[in-house]
A.B. asks: 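This is the structure I have questions about; it appears just below.
One-based numbering along the sequence shown. Just follow the structure's listing: the first ligand is 1, and inside any ligand the first atom is 1.
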Amino acid sequence: MTVSISPISDALGAEANGVDLTRPLTQAEQDVLQQAVVENLVLVIRNQHLNPEQYLASVRLFGDTMPQHLTEMLMKDHPEIAVLDSRNAGADADGTVYTTGSRDWHTDHTNHAKPPKFTALYAITLPKSGGGDTGFANMRKAFDNLPPSRQAELSALQTINKIEDKAYVSAADKKKFGVLQSHPLIRTHPETGRKAIYIHPGKVAKIEGMSEEDSKGFVDNLMDQIIQPDVTYRHKWRIGDFVIWDNRAVVHLAHRDYDPTEGRVMQRVLVQGEAPR
Ligand code: OGA
Ligand code: MN
């Protein structure tokens with residue numbers, strides 16, 4: 001088996017070919033995959049046939065798994081895996097039901113002191129009438145695209161992050177994961193040394209030193225500025241896709257353009273990261 005890596009868009013992302021994750025990989029092959037995700041920020045491995053143990057073993061090639069606060073979606077025998085099923089969508093505190101995944105561009109779980117460096121999704125079921133793509137945006141490129149004065153302005157800022165008020169997060173987990181966390185808005189990648197915009201707008205309680213209202217306007221404006229076609233890639237899922245992305249330099253978006261009753265099922269695992277700097 002020879003692993004090869006090919007880009008899937010000009011913005012970010014690569015596909016690994018010649019990989020069967022049910023078989024043991026050589027150290028060299030593991031190195032290729034690990035390097036591919038950090039360089040390309042999104043790594044797609046198509047056409048995999050994985051039971052939960054094999055899926056977890058595959059994610060562990062990239063690091064240690066970490067707990068998720070999607071309390072009601074955890075797989076019984078494998079609580080490291082959350083099953084995102086569009087038919088069991090959670091509701092907000094106000095009762096509004098949204099399909100799983102997030103409604104806006106975001107990086108994952110910024111409410112942690114050490115948020116996940118990678119998120120993996122494995123496609124089990126897709127809506128039969130189509131839709132349910134995932135968007136990815138390269139926050140390294142988005143940062144590089146900004147004029148130096150804006151880069152300097154953003155580099156001075158810290159976001160204060162909270163857990164969202166969703167009914168699917170239990171009261172105990174809200175408490176456990178609910179401590180406010182301060183993170184740099186511009187993050188330096190620990191492996192590549194490259195700077196990237198690091199943000200989960202839904203979890204930003206405020207920007208340090210700004211009012212909540214000003215923070216919201218600031219963040220909305222920033223997202224409008226940075227999410228541009230030249231930094232984005234839209235992944236059209238096929239059953240058996242194993243996709244892993246680098247949360248330290250990518251934001252993503254679940255397109256909610258499908259009929260949730262048809263069933264979109266993804267198995268999700270998080271890989272432990274480090275404190276953002
Ligand atoms: C996630 C997420 C996107 C999707 O799992 O963190 O945002 O398309 N998912 O399911
Ligand atoms: Mn997400």
Side-chain angles (χ1 to χ4, degrees), residues 8 12-13 37 41-44 55-56 59 62 65-75 78-90 92 97-112 115-127 130-139 159 161-164 166 168-169 173 177 183 196-204 223 227 232-260 262-273 276:
I8 46 177
L12 79 173
V37 65
L41 304 178
V42 178
L43 183 66
V44 176
Y55 177 40
L56 279 172
V59 177
F62 300 89
T65 60
M66 69 181 272
Q68 317 197 34
H69 58 235
L70 305 170
T71 331
E72 287 165 21
M73 303 175 198
L74 305 181
M75 206 180 257
H78 300 284
E80 305 93 331
I81 301 178
V83 181
L84 311 183
D85 186 330
S86 60
R87 291 161 297 196
N88 308 329
D92 273 14
V97 176
Y98 293 96
T99 54
T100 47
S102 184
R103 73 208 70 155
D104 291 310
W105 291 96
H106 66 285
T107 188
D108 280 335
H109 297 231
T110 51
N111 55 295
H112 289 259
K117 60 175 165 182
F118 303 126
T119 301
L121 287 182
Y122 179 48
I124 305 294
T125 306
L126 295 172
D133 301 346
T134 305
F136 294 98
N138 185 338
M139 291 295 99
T159 58
N161 296 269
K162 58 172 194 219
I163 199 162
E164 290 152 297
K166 299 267 178 62
Y168 61 74
V169 184
D173 273 8
F177 297 119
H183 296 309
I197 301 159
Y198 184 66
I199 191 157
H200 185 323
K203 286 191 168 70
V204 174
M223 298 312 285
I227 302 293
T232 57
Y233 159 71
R234 182 167 174 149
H235 186 68
K236 293 197 185 308
W237 292 92
R238 293 183 213 150
I239 289 171
D241 282 359
F242 172 107
V243 175
I244 186 163
W245 65 85
D246 192 330
N247 280 306
R248 299 166 293 188
V250 173
V251 290
H252 57 279
L253 167 74
H255 285 278
R256 293 177 302 125
D257 55 354
Y258 61 96
D259 177 355
E262 290 184 359
R264 178 186 189 266
V265 182
M266 296 281 170
Q267 292 180 355
R268 176 185 200 256
V269 178
L270 301 177
V271 176
Q272 181 66 59

A.B. asks: Taking heavy atoms and a distance under 4.0 Å, where does Leu253 meet ligand 1: side chain, backbone, both or neither?
C.D. replies: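 Neither; no heavy atom under 4.0 Å.
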A.B. asks: Could you tell me whether some N/O pair between Trp245 and ligand 1 is separated by less than 3.5 angstrom?
C.D. replies: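 No, there is no polar N/O contact under 3.5 Å.
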A.B. asks: Which of the numbered atoms in ligand 1 are below 4.0 angstrom from a heavy atom of Leu121?
C.D. replies: 4 (C), 5 (O), 9 (N), 10 (O)
A.B. asks: Show me which atoms of ligand 1 lie under 4.0 Å from any heavy atom of Thr134.
C.D. replies: 4 (C), 8 (O)
A.B. asks: Report the residue from Gln68, Glu80, Lys117 that forms a side chain to side chain contact (heavy atoms under 4.5 Å, CB included) with Leu270.
C.D. replies: Gln68
A.B. asks: With rounding to the nearest 0.5 Å, note down the distance linking CH2 in Trp237 to NE2 in His255.
C.D. replies: 12.0 Å
A.B. asks: Using the Mn ion (ligand 2) as the vertex, how large is the angle between NE2 of His252 and OD1 of Asp108, rounded to 10 degrees?
C.D. replies: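 Approximately 90° at the metal, rounded to tens of degrees.
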A.B. asks: Check ligand 1 against Leu84 and write out every atom of the ligand that is under 4.0 Å from a heavy-atom position of the residue.
C.D. replies: 5 (O)
A.B. asks: Considering both backbone and side-chain atoms of Asp108, is one of its nitrogen or oxygen atoms within less than 3.5 Å of a nitrogen or oxygen in ligand 1?
C.D. replies: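 Yes; at least one N/O pair falls below 3.5 Å.
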A.B. asks: With a cut-off of 2.8 Å, does His109 place any N/O/S atom under that distance from the Mn ion (ligand 2)?
C.D. replies: no
A.B. asks: Which of the numbered atoms in ligand 1 are below 4.0 angstrom from a heavy atom of His252?
C.D. replies: 1 (C), 2 (C), 6 (O), 7 (O)
A.B. asks: Quick check on side chain to side chain contact (heavy atoms under 4.5 Å, CB included): which of Thr119, Ile81, Val271 does Val59 satisfy it with?
C.D. replies: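 Checked Thr119, Ile81, Val271 against Val59; only one passes side chain to side chain contact (heavy atoms under 4.5 Å, CB included): Val271.
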A.B. asks: Please identify each residue that fulfils side-chain contact (heavy atoms from CB on, under 4.5 Å) with Arg87, with sequence neighbours left out.
C.D. replies: Asp85, Val265
A.B. asks: Go through the steps to decide whether Leu126 and Met266 satisfy the test side-chain contact (heavy atoms from CB on, under 4.5 Å), and finish with yes or no.
C.D. replies: CA-CA 9 Å; Leu126 295 172; Met266 296 281 170; 3.9 Å; yes
A.B. asks: Tell me, do Ile124 and Val83 make a side-chain contact under 4.5 Å, heavy atoms counted?
C.D. replies: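 A side-chain contact is absent here, since even the closest heavy-atom pair is not under 4.5 Å.
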A.B. asks: Which is closest to atom 4 (C) of ligand 1 in terms of heavy atoms, Gly132, Ala254, Pro116?
C.D. replies: Ala254
A.B. asks: Is Arg268 in polar range of ligand 1, meaning some N or O pair under 3.5 Å apart?
C.D. replies: yes
A.B. asks: Does any N/O atom on Thr119 come nearer than 3.5 Å to any N/O atom on ligand 1?
C.D. replies: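 By distance alone, the answer is no.
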A.B. asks: If you take all heavy atoms of Val44 and Val243, which pair is closest and at what distance?
C.D. replies: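 Looking at all heavy atoms of both residues, the closest pair is CG2-CG2, 4.0 Å.
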A.B. asks: So with a 6.0 Å cut-off around CZ of Arg234, is the heavy-atom count from everything else above 12?
C.D. replies: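 Yes, because the 6.0 Å sphere around CZ of Arg234 holds more than 12 heavy atoms from other groups.
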A.B. asks: Assess the side chains of His112 and Asn161: does a donor N or O sit below 3.5 Å from an acceptor N or O?
C.D. replies: no
A.B. asks: Within the structure, is a non-hydrogen atom of His106 found at a distance of less than 4.0 Å from ligand 1?
C.D. replies: yes
